[in-house]
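Report on the structure given below.
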Amino acid sequence: MREFLDLHAYADGQLAAEDRAALEMALKENPELRRELDSILALKGSLKQHCQAGVENPELFEICKGRIRDLDRLNQANHFVGKYAWGLCGAFVLLIAGAAVLNRNDSQSTLYTSDMARLTQSLSPVQVPSAQADRDQKVLSGIGPAQLVIQDPSVQVLGMATGLVDGRRAARLTLADSGGVFSLLMVENINRVEMSEQSYTDRQFCHGKIEGTSCVTWTAQGFGMILAGERSGEELVNLAKSIRIIR
Amino acid sequence: MLFRKANPNRDRFERQAEAIFPAIFGTALRLTRDREDAEDLVQETMIRAYEAFDRFDGRNFKAWMLRILTNLYINRYRQRRREGPLSSLDEEGSIEPVSSASETPDRLLLDGLVSAEVEEALGKVPADFRLAVVLSDVEEMSYDEIAQMTEVPIGTVRSRIARGRAILRRELEAFARREGYLKEANEE
């Protein structure tokens, strides 16, 4: 049995040198061993001849390459997330915080017409400042650094109240023209005016009602403006168009 | 852009794998005896090898790939197919001679065979013996390499090769008799 195993190892070139010499001696003396070796070598030769070492399959190789590339992409994505996870989380938190601040600022810089009663309560009457008037317009100072320009000479300023509304400078003017009395509320640092009962809007003015009273809202030079009176929407819009803010 | 960077490691692996891919697929076919199983085995081998490529010592890529292939085959495919241990063929049993008891000359037996017949006879050799014979006679691996790949002692490798060849010779002879090659040859 040992001799048979050695014969296979000898045929495969795997027999140790010292065993090889002894086996070669035995092969010379034993024709049965020689015949067995020839059979092993013939079988090895037949296998080598008939079982080509390789079988081509280029399609399978392409599939393997595709899977390797997919694996690479997955690893790279995992690596990226692993490496920059803290940064991504930080950026996400900052994004949320930024959005919250923006949202807060936005809601703080919005004037709600439904809040008008509360807003005007905190204002104190002041003497109407003397207006520079000419043939075409009145220029009214005393509203912080801003000046109110009324480009309709028929409009008279009957009264004025000023004060702080939610930390912002605000003024309420009682105005009158040939059509009657109306009022103007202006609040500084406002970029949007929300009307609860809105009936008409264009790019600049929005018309609606506050507790049944017709009103027009708009923004100008960082002021939120509400003009209210017993007038039609069109008349109020025309009046609003004649009012400008100069900083 | 992030995921389209060149990957020299992958390119190197693919170049080396392409050169020995036919040998890997051929061995997989001879082990599994089923094209679909062989393709699955090769794909799994390629993925495992690529994942471990940074641990490859750079010496013999083909032997390293065949080692992964045979390990996968032994660990997974044989278990799945429930081939189990070779209970009917004791590894410690006596080694039969390769040469025929009926003294059929090798030339008469082997010269008449075609590749498909040899492959079919090889497929009838039990898996462990077939693996050893294929790695030795087709892939020309050393006993040391085969022992490492199959994780058995060199003595077991030697025994499996000898017994595998004896079984293969018997299968070839039986096939030749069935097909009438030997009878015709003997009559000549």
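Proteins come first, then strands; the chains are lettered A, B, ... in the order of their sequence lines, and each starts at number 1.
Taking a 6.0 Å sphere around NZ of K209(A), one finds it holds 12 or fewer heavy atoms contributed by other residues, nucleotides or ligands. Heavy-atom neighbours of E211(A) CD from other residues, nucleotides or ligands within 6.0 Å: at or below the threshold of 12. The number of heavy-atom neighbours closer than 6.0 Å to CD of E234(A), taken from other residues, nucleotides and ligands shown, is 12 or below.
Distance check, rounded to the nearest 0.5 Å: CD of E56(A) to CZ of F25(B) gives 10.5 Å. Atom CG of residue L172(B) and atom CG of residue L43(A) lie 6.5 Å apart, to the nearest 0.5 angstrom. The CZ atom of R165(B) sits 6.0 Å away from atom NE2 of H8(A), with the distance rounded to the nearest 0.5 Å.
Heavy atoms closer than 4.5 Å to chain A are found in both the backbone and the side chain of E18(B). I20(B) does not touch chain A: none of its heavy atoms, backbone or side chain, sits under 4.5 Å away. Looking at V133(B), the atoms closer than 4.5 Å to chain A (heavy atoms on both sides) all sit in the side chain, from C-beta outward. Using a 4.5 Å cut-off between heavy atoms, I63(A) contacts chain B through its side chain alone, with no backbone atom that close. Contact annotation for Y143(B): both backbone and side-chain heavy atoms come within less than 4.5 Å of a heavy atom of chain A. Looking at A121(B), there are no atoms closer than 4.5 Å to chain A (heavy atoms on both sides), in backbone or side chain. Of the two parts of L71(A), only the side chain, counted from C-beta on, holds a non-hydrogen atom closer than 4.5 Å to a non-hydrogen atom of chain B.
The pair R158(B)-D12(A) fails the salt-bridge criterion, with no side-chain N (NZ, NE, NH1 or NH2) lying under 4.0 Å from an Asp/Glu carboxylate O. A salt bridge links E14(B) and R69(A); the closest N-O separation between the charged side-chain nitrogens and carboxylate oxygens is under 4.0 Å.
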Starting from the C-alpha separation in whole Å, work towards a yes-or-no answer on side-chain contact (heavy atoms from CB on, under 4.5 Å) for Y50(B) and R67(A). CA-CA 10 Å; Y50(B) 180 62; R67(A) 283 192 63 183; over 6 Å; no

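With contacts defined as side-chain heavy-atom distances shorter than 4.5 Å, the pair V138(B)/C51(A) qualifies. By the 4.5 Å heavy-atom criterion applied to side chains, L47(A) and L168(B) are counted as neighbours. You'll find the side chain of K48(A) reaches within 4.5 Å of the side chain of E140(B), heavy atoms only. Put simply, the side chain of P58(A) does not reach to within 4.5 Å of the side chain of F21(B), judged on heavy atoms.
Taking each heavy atom of S159(B) and L5(A) in turn, the nearest pair found is CA-CD2, 3.8 Å.
For N57(A) and E39(B), the side-chain atoms include at least one donor-acceptor pair closer than 3.5 Å.
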